[in-house]
Amino acid sequence: MRLVKEVLTAAAMVSFSAPLAFGQARDPGPSAMGRPGDYSFQGGTAVYSHVCQDCHMADAKGAVGAGSYPALARDPKLEEAGYPVAVILHGQKAMLPLGGLLSDQQIADVVNYIRSHFGNNYRDTITAAEVKAQR
């Protein structure tokens, strides 16, 4: 019972300390995910393994538990390359926007990576310039 009270108290503190409009997310910036340090890793594989796989899993099949993390494997929503760019930049539902954490090149790299791996076979690619245009 004590744990439930602590969790409810923490949830209340978060909801009162972040007065955002419903559905509006805040870009966490460079200290996102409680990981201080260097985010200079390059390449889609590195970005996925350092930023994405903790929630979407190493096999990109997603997870359900403390939250619901959608699968990226065999995902028809990835057909349009601009969709995952927008989600990464601006967030969606429970996913925080990561535009302040990742460079345009890193976002292009990870989008191209997830669109060509995990059973996804989308061969067109997106460039850092196209990511920049969506910011």
Side-chain angles (χ1 to χ4, degrees):
M1 186 66 164
R2 181 174 178 215
L3 179 60
V4 171
K5 184 178 177 183
E6 289 174 8
V7 169
L8 291 174
T9 301
M13 288 174 32
V14 168
S15 66
F16 289 119
S17 66
L20 297 174
F22 180 74
Q24 186 180 23
R26 188 180 318 174
D27 191 323
S31 63
M33 303 181 305
R35 293 180 179 176
D38 185 11
Y39 282 88
S40 64
F41 38 81
Q42 295 297 311
T45 305
V47 175
Y48 187 84
S49 67
H50 284 89
V51 179
C52 311
Q53 96 174 9
D54 285 350
C55 296
H56 295 283
M57 302 293 116
D59 61 4
K61 291 185 178 175
V64 175
S68 179
Y69 306 97
L72 300 173
R74 302 186 197 287
D75 188 349
K77 291 181 182 177
L78 299 177
E79 182 176 0
E80 172 57 46
Y83 173 76
V85 170
V87 172
I88 293 167
L89 283 172
H90 308 294
Q92 180 177 331
K93 297 181 184 176
M95 182 168 163
L96 293 173
L98 299 175
L101 176 67
L102 300 172
S103 71
D104 296 337
Q105 187 62 58
Q106 288 172 313
I107 293 171
D109 289 346
V110 77
V111 166
N112 293 330
Y113 175 74
I114 64 173
R115 292 182 73 241
S116 62
H117 289 77
F118 311 114
N120 299 310
N121 294 307
Y122 306 112
R123 296 295 170 209
D124 60 309
T125 59
I126 193 154
T127 67
E130 291 170 309
V131 172
K132 184 177 182 175
Q134 285 195 45
R135 281 194 185 267

*Asks:* Identify, with sequence neighbours excluded, every residue that meets side chain to side chain donor-acceptor pair (under 3.5 Å) alongside Thr125.
*Replies:*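 So Thr125 forms no side chain to side chain donor-acceptor pair (under 3.5 Å) with any residue.
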*Asks:* Show me the side-chain donor-acceptor pairs of residues 69-88 shorter than 3.5 Å, one per line, residues at least two apart or across chains.
*Replies:*
{"residue": "Asp75", "atom": "OD1", "partner": "Lys77", "partner atom": "N", "Å": "2.8"}
{"residue": "Glu80", "atom": "OE2", "partner": "Gly82", "partner atom": "N", "Å": "3.4"}
{"residue": "Tyr83", "atom": "OH", "partner": "Gln92", "partner atom": "OE1", "Å": "3.4"}

*Asks:* Tell me which pairs pass salt bridge (Lys or Arg N to Asp or Glu O under 4.0 Å) where either residue lies in residues 107-122, with sequence neighbours left out.
*Replies:* Arg115-Asp124
*Asks:* Is Met95 reachable from Ile107 through a run of hydrophobic residues whose side-chain heavy atoms are each under 4.5 Å from the next?
*Replies:* yes
*Asks:* Which salt bridge (Lys or Arg N to Asp or Glu O under 4.0 Å) pairs, counting each pair once, include a residue from residues 94-104, with sequence neighbours left out?
*Replies:* Asp104-Arg135
*Asks:* If you take all heavy atoms of Ala108 and Ala128, which pair is closest and at what distance?
*Replies:* CB-N, 3.8 Å
*Asks:* Using the ring-ring contact (aromatic ring centres under 6.0 Å, His included) criterion, which residues pair with Tyr48? Sequence neighbours excluded.
*Replies:* Tyr113, Phe118
*Asks:* Are Val51 and Val110 packed together at the side-chain level, in the sense that at least one heavy-atom pair is separated by less than 4.5 angstrom?
*Replies:* no
*Asks:* Can you sort out the partners of Thr127 under side chain to side chain contact (heavy atoms under 4.5 Å, CB included), two or more places apart, ordered by chain and number?
*Replies:*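 By the side chain to side chain contact (heavy atoms under 4.5 Å, CB included) rule, Thr127 matches Ala129, Glu130.
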*Asks:* Could you tell me which non-hydrogen atom of Ser116 sits nearest to which non-hydrogen atom of Asn112, and how far apart they are?
*Replies:*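 Of all heavy-atom pairs spanning Ser116 and Asn112, the closest is OG-O, 2.8 Å.
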*Asks:* Rounded to the nearest 0.5 Å, what separation is found between the SG atom of Cys52 and the CG atom of Leu98?
*Replies:*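 One finds 7.5 Å between SG of Cys52 and CG of Leu98.
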